[in-house]
Amino acid sequence: MITSVPVAYEEFMSYLDKVFTINENDIKVMIKEFHSEMQKGLSGYESSLKMIPSFVDRPEGSERGKFIALDLGGTNFRVLAVELDGNGGSSVLAVSKFVIKHECMTGTGKQLFNFIADSIETFLSDNEIDRTKIYDLAFTFSFPVEQTNVAAGTLIQWTKGFTAEGVVGEDVIVLLNEALRSKNINCIRVAALANDTVGTLVAKAYQDKNCDVGVILGTGSNACYPEKLTNISKWRGVRKKGSMIINMEWGNFCHLRRNCYDIDLDEESNNPGYQYLEKIVSGMYLGEITRRIVYDLVHRGLMFSGPNARRIFARKESIETKDMSLIQSDTTTNLGEIEEFLTELGITKITLLDKKLLKKICSLVSTRAARVAAAAISAVLSWLDPELKDEHTVGIDGSLFEKYPDFSNTMSEVFKMLFNEKAKNIKMELAKDGSGKGAAIIAAVAASSE
Ligand code: ADP
Ligand code: MG
């Protein structure tokens with residue numbers, strides 16, 4: 001017990017505890033709301049869950065060949081060449097990463113698609129790809145898209161900081177084909193439009209038949225699962241039997257208790273009123289929530305008494321999610337790594353209490369994120385299998401899940417709390433590169449069904 005801690009500090013910490021804690025009852029309420037939104041989305045009613053048919057089902061595992069995949073939807077743009085061995089195995093033959101410049105994300109659609117085509121050109125040349133052959137390509141475009149076919153779909157709205165003009169309402173495959181043609185890239189046939197979530201599920205399901213949920217916990221957050229066509233009452237397609245993967249676009253789920261930090265963050269974001277779950281759960285936002293709390297404490301005179309703190313923490317992105325990872329993994333008694341991080345930021349007069357407090361704030365923010373993510377997965381699993389009788393593999397892609405200390409343990413605790421011993425039927429597995437390998441599998445499925 002630290003007796004020198006001011007009362008205002010203790011009061012404030014218990015306030016933070018209260019507004020960031022998600023208890024069992026909150027989770028149960030959330031799951032009910034989730035099911036109701038899923039039902040509405042599948043029926044074509046207004047819902048925060050769009051429940052978008054992806055036009056693909058889970059793969060057989062026997063698809064084979066060489067394919068090109070594009071991955072756009074977050075921090076980097078990637079081009080990959082992937083080989084499928086027809087036996088559940090896949091390997092990335094070549095991959096190039098391109099940083100998406102801010103002006104490409106927020107300029108015109110033409111700029112963005114020209115950048116994509118230029119990157120493909122660089123990839124083809126750098127890897128000396130034989131241009132006399134034709135390659136089937138899948139475009140992983142991880143934004144809400146209303147798909148009308150396996151290789152056609154219009155952008156509903158931008159998320160994750162993208163705003164490129166003239167793309168919303170357009171078919172992104174048409175825009176990609178136009179850009180490829182204008183650059184004279186003729187060795188590529190765009191076979192499929194994919195989504196990182198669907199790619200993740202498909203990639204994991206290619207090797208593991210029990211995999212029936214794909215989840216993204218990276219810059220953004222989303223999930224998908226296979227649904228029986230008879231349950232998709234809005235489905236007007238020719239095929240009536242079997243199932244199809246549904247891209248839930250769960251980042252937009254809105255029935256969540258939000259606090260003043262969430263509300264302010266949303267209002268100052270470039271998509272206010274949307275993506276409430278994503279803004280609580282994903283890597284693009286956790287650092288920013290943390291920064292807002294720290295700024296509030298500095299402002300109240302409860303943290304970092306040095307002269308620069310206010311100015312430093314007034315700056316957006318002064319704390320990023322990867323910094324939170326570092327802060328939470330510092331287990332030294334004097335919290336030396338946290339000290340180093342703060343000193344680099346320009347903070348002075350750092351006390352041990354300041355450092356402990358910062359670590360505690362990161363823990364509150366990340367624990368809530370992991371619990372909400374686990375609650376959402378639980379909602380999907382209990383929709384598919386209310387008694388949780390079968391084994392389920394949840395394929396998860398994203399640096400947040402992969403790298404944040406204890407994120408996955410916190411999620412597992414929620415499964416135990418909700419499902420008791422049945423929780424052992426849930427296996428979370430990192431599906432690294434789902435958006436690349438999965439896209440190749442989708443391209444294979446699409447190309448072979450023509
Ligand atoms: P994307 O979602 O863009 O495809 P990633 O899955 O790599 O890419 O996720 C990137 C996001 O993960 C970044 O926005 C960042 O917030 C977060 N991130 C990156 N490194 C770490 C880390 N070490 N710990 C926690 N989160 C991280
Ligand atoms: Mg990704």
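Both ligands and their constituent atoms are indexed starting at 1 by order of listing. Note that the coordinates shown come from a computational prediction; the quantities given were computed from them, not determined experimentally.
- Under the rule for a side chain to side chain contact (heavy atoms under 4.5 Å, CB included), the partners of N259 that lie at least two apart in sequence or sit in another chain are V19, F20, Y261, D262, R368.
- The CG atom of N195 sits 7.0 Å away from the SG atom of C224 when rounded to the nearest 0.5 Å.
- Enumerated by chain and number, the residues approaching ligand 1 to less than 4.0 Å through a heavy atom are G74, T75, G218, T219, G283, T321, K322, S325, G398, S399, L400, K403, Y404.
- Residues D136 and A191 share a closest heavy-atom pair of OD1-CB, 3.9 Å.
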Expected list for residues 244-256: side-chain donor-acceptor pairs under 3.5 angstrom, two or more places apart:
from, atom 1, to, atom 2, distance (Å)
N247, OD1, N222, ND2, 2.9
N247, OD1, E249, N, 3.2
N247, ND2, E249, OE2, 3.1
W250, NE1, S221, OG, 2.9
N252, OD1, Q275, N, 2.8
N252, ND2, S48, O, 3.1

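- Interatomic distance, N177 CG to L180 CG, rounded to the nearest 0.5 Å: 6.0 Å.
- In this structure, the side chain to side chain contact (heavy atoms under 4.5 Å, CB included) partners of N210, at least two apart in sequence or on a different chain, are D208, E391, T393.
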